[in-house]
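Only one structure is covered here, and it is reproduced in the block below.
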Amino acid sequence: PQIIDAADHGVPQHRVRLFLVLSRSRHPVRLRLPRRAHTPVGSVLQWDRHRWNSIHKPGRSINTLARIKRARQKFGERFVMPYYGSGSGLTGRSLERPLGTVTTRDRWALVDSDRMRMLQPPEYRAIMGFPDDYVLPRQRNLAIHLLGNAVCPAVARDLVVALKEVA
């Protein structure tokens with residue numbers, strides 16, 4: 001078993017996954033995987049390319065406003081947070097560290113002062129470590145769903161390279 005966090009491979013996302021390496025050898029296969037510096041999520045966000053909404057728009061959940069208030073106390077005016085309360089939902093996340101796991105559901109929001117918006121598929125693509133020219137479906141939910149099910153390319157690359165070294 002190999003438990004791999006994508007953040008250790010330079011991807012701006014903590015995404016811990018189990019990979020099973022099966023072999024017919026008499027001895028366990030020991031992979032030497034590189035550990036790269038963590039990339040902050042703030043380095044891949046597209047601040048001025050997507051539409052923002054006011055935090056205090058009518059109908060905004062009291063729970064969302066409470067999460068924003070708590071995160072502001074910890075991180076200031078700019079941070080990311082799960083829009084729906086789970087995981088880092090009570091505190092948000094600093095832009096100076098990798099994002100939490102990208103799932104098949106649209107759940108991460110970006111807050112900047114008195115405005116907020118959901119992360120967009122091109123940002124999720126960058127957070128997963130796919131190149132800018134990687135083509136995504138036009139349907140937002142489908143693009144996010146596919147990215148949430150994907151293996152980060154940097155992790156796949158490092159795993160294959162390590163497997164070649166022991167083969």
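Quantities reported herein were computed from a predicted structural model and do not represent experimental measurements. When reading the values below, keep in mind they use all heavy atoms of this one structure, side chains included, and skip hydrogens, waters and symmetry mates.
Of all the heavy atoms in L99 and R93, the pair that sits closest is C-NH1, 3.9 Å. Closest heavy-atom contact between Q13 and V102: OE1-N, 2.6 Å. Across every non-hydrogen atom of A6 and C152, the tightest pair is CB-SG, 3.8 Å. Smallest separation of non-hydrogen atoms from P1 and L18: CB-CD1, 3.7 Å. Heavy atoms only, all atoms of each residue included: A154 and H9 are closest at CB-O, 3.6 Å. Annotation for G92 and M81: closest pair CA-CB, 3.9 Å, computed over non-hydrogen atoms.
Contact check for P82 versus R67: no side-chain heavy atoms found under the 4.5 Å cut-off. Considering only heavy atoms from C-beta on, L119 stays 4.5 Å or farther from I144 through its side chain. Between L147 and F130, the closest side-chain pair of non-hydrogen atoms falls below 4.5 Å. In this structure, the side chains of R15 and V155 stay at 4.5 Å or more apart for every pair of heavy atoms. Using a 4.5 Å cut-off on side-chain heavy atoms (C-beta onward), T39 and V11 make no contact. Side-chain contact between F79 and I68 is present, with at least one heavy-atom pair separated by less than 4.5 Å. In this structure, L45 and V80 have side chains that are in contact, with non-hydrogen atoms separated by less than 4.5 Å. No side-chain heavy atom of Q120 sits less than 4.5 Å from a side-chain heavy atom of R49.
Other residues, nucleotides and ligands contribute more than 12 heavy atoms inside 6.0 Å of the CG atom of N149. Counting heavy atoms of neighbouring residues, nucleotides and ligands inside a 6.0 Å radius, atom CZ of R36 exceeds 12 of them.
Among residues two or more places apart in sequence or in another chain, the side chain to side chain contact (heavy atoms under 4.5 Å, CB included) test is passed with I62 by none. Every residue two or more places apart in sequence or in another chain was checked for a salt bridge (charged side-chain N to carboxylate O under 4.0 Å, His left out) with R157, and none qualifies.
Screening M116, R117, R105 against Y83 for a side chain to side chain contact (heavy atoms under 4.5 Å, CB included) leaves a single residue, M116.
V44 is connected to W47 through a chain of hydrophobic side-chain contacts under 4.5 Å among Ile, Leu, Val, Met, Phe, Trp and Tyr, so both are in one cluster. Hydrophobic clustering places L33 together with V29 (ILVMFWY residues linked when any side-chain heavy atoms are closer than 4.5 Å, directly or through intermediates). At a threshold of 4.5 Å between side-chain heavy atoms, the hydrophobic network of Ile, Leu, Val, Met, Phe, Trp and Tyr places V16 and V41 in two separate groups. F19 and I3 sit in two unconnected hydrophobic clusters of ILVMFWY residues. Membership requires side-chain heavy atoms under 4.5 Å apart, directly or through other members. With hydrophobic clusters built from ILVMFWY side chains whose heavy atoms lie under 4.5 angstrom apart, V151 does not share a cluster with L136.
Residue Q2 holds its CD atom at 7.0 Å from CG of L159, rounded to the nearest 0.5 Å. To the nearest 0.5 angstrom, L110 atom CG is 3.5 Å from W52 atom CH2. To the nearest 0.5 Å, atoms CG (D112) and CD1 (I55) are separated by 8.5 Å.
Not one N or O on the side chain of T104 forms a donor-acceptor pair closer than 3.5 Å with the backbone of G148. In terms of modelled atom types and a separation under 3.5 Å, the side chain of T101 and the main chain of T103 share no donor-acceptor contact. Side-chain atoms of R140 do not come within 3.5 Å of backbone N or O of P121 as any donor-acceptor pair. Of the possible donor and acceptor atoms, none in the side chain of R125 sits under 3.5 Å from a partner among the backbone N and O of A143. At least one donor-acceptor pair closer than 3.5 Å links the side chain of E123 to the backbone N or O of Q46.
Taking the six-membered ring where the residue is Trp, H14 and H38 present perpendicular rings, their angle passing 60° and hence far from 30°.
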